[in-house]
K.L.:
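Sharing a structure here in structure tokens format.
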Amino acid sequence: MTPFTKRVITIIQSIPEGAVMTYGGIARAAGSPRGARQVVRILHSMSRKYKLPWHRVINSKGMISLTEDESGSLQQLYLLGEGIIFDERGVIDLERYQYDPGPALELELEPEQDFNPDPEDHLLPPFE
DNA sequence: GCAATGACGTACC
DNA sequence: AGGTACGCCATTG
């Protein structure tokens with residue numbers, strides 16, 4: 001596991017409820033501006049080993065990248081449950097919801113069992 | 001060890 | 001505006 005990978009995991013864990021980050025944004029925050037695809041890889045491999053709010057990671061267009069036969073519809077459900085609004089084309093307003101982790105990130109990694117989010121936990125009514 | 005694989009981003013038709 | 005071409009580089013087999 002490279003330092004970049006650890007930083008990516010830490011950053012993803014720091015995304016607060018009701019906010020999102022893009023693959024590219026995470027890569028930039030982790031110090032590798034062109035590392036968006038590595039973030040994808042890391043999400044794939046690490047979401048099994050670590051508790052990660054994987055549903056709060058979207059692409060730079062503000063859309064969910066997963067297809068529906070993957071967990072795309074589940075991801076949208078979680079985000080809706082956190083109060084995030086999608087427009088009619090399924091786009092999230094990044095200006096409003098994108099999280100900036102800032103310079104000081106000293107969260108610790110906590111290896112856990114699989115990240116098995118309970119849908120009921122996230123099903124808060126959308127605000128507004 | 002090395003080629004293939006991406007839940008991407010962006011530049012360029 | 002919408003497609004596609006290609007660079008990116010940590011992981012995987």
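Quick caveat: nothing in here was measured; it's all calculated off a predicted structure. Just so we're on the same page: letters track the sequence lines, and every chain starts at 1.
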K.L.:
Tell me: CG of A:Leu43 to C1' of B:dA7, nearest whole Å?
P.N.:
7 Å
K.L.:
In this structure, how many angstroms lie between the P atom of B:dC8 and the CD1 atom of A:Ile12, rounded?
P.N.:
13 Å
K.L.:
Roughly, in whole Å, what's the span from CD in A:Gln75 to P in B:dA7?
P.N.:
12 Å
K.L.:
Roughly how many Å is it from OH in A:Tyr23 to C1' in B:dG9, rounded to a whole number?
P.N.:
12 Å
K.L.:
Would a distance-only check, ignoring hydrogens and angles, find a side-chain to backbone donor-acceptor pair under 3.5 Å from A:Ser71 to A:Leu74?
P.N.:
no
K.L.:
Within the 4.0 Å limit for protein heavy atoms, which parts of nucleotides 6-12 of chain C are touched? Write it as a string from 5' to 3', B for base, S for sugar-phosphate only, - for none.
P.N.:
-BBBBBS
K.L.:
Per the side-chain contact (heavy atoms from CB on, under 4.5 Å) rule, which among A:His55, A:Met21, A:Gln98 passes with A:Ile15?
P.N.:
A:Met21
K.L.:
To the nearest angstrom, how far is A:Asn59 atom CG from B:dG6 atom P?
P.N.:
17 Å
K.L.:
Please indicate whether A:Glu68 has more than 12 foreign heavy atoms, meaning atoms of other residues, nucleotides or ligands, lying under 6.0 Å from its CD.
P.N.:
no
K.L.:
Atom CD1 of A:Ile15 and atom C1' of B:dA7: how far apart are they, to the nearest Å?
P.N.:
13 Å
K.L.:
According to a hydrophobic-cluster definition based on side-chain heavy atoms being under 4.5 Å apart (Ile, Leu, Val, Met, Phe, Trp, Tyr only), do A:Met63 and A:Ile26 belong together?
P.N.:
no
K.L.:
Are A:Met1 and A:Ile42 joined in one hydrophobic group, where the rule is that I, L, V, M, F, W and Y side chains link up if heavy atoms are under 4.5 Å apart?
P.N.:
yes
K.L.:
So A:Gln75 and A:Ile58, side-chain contact (heavy atoms from CB on, under 4.5 Å) or not? Walk me through it.
P.N.:
CA-CA 10 Å; A:Gln75 182 175 10; A:Ile58 62 176; 4.0 Å; yes
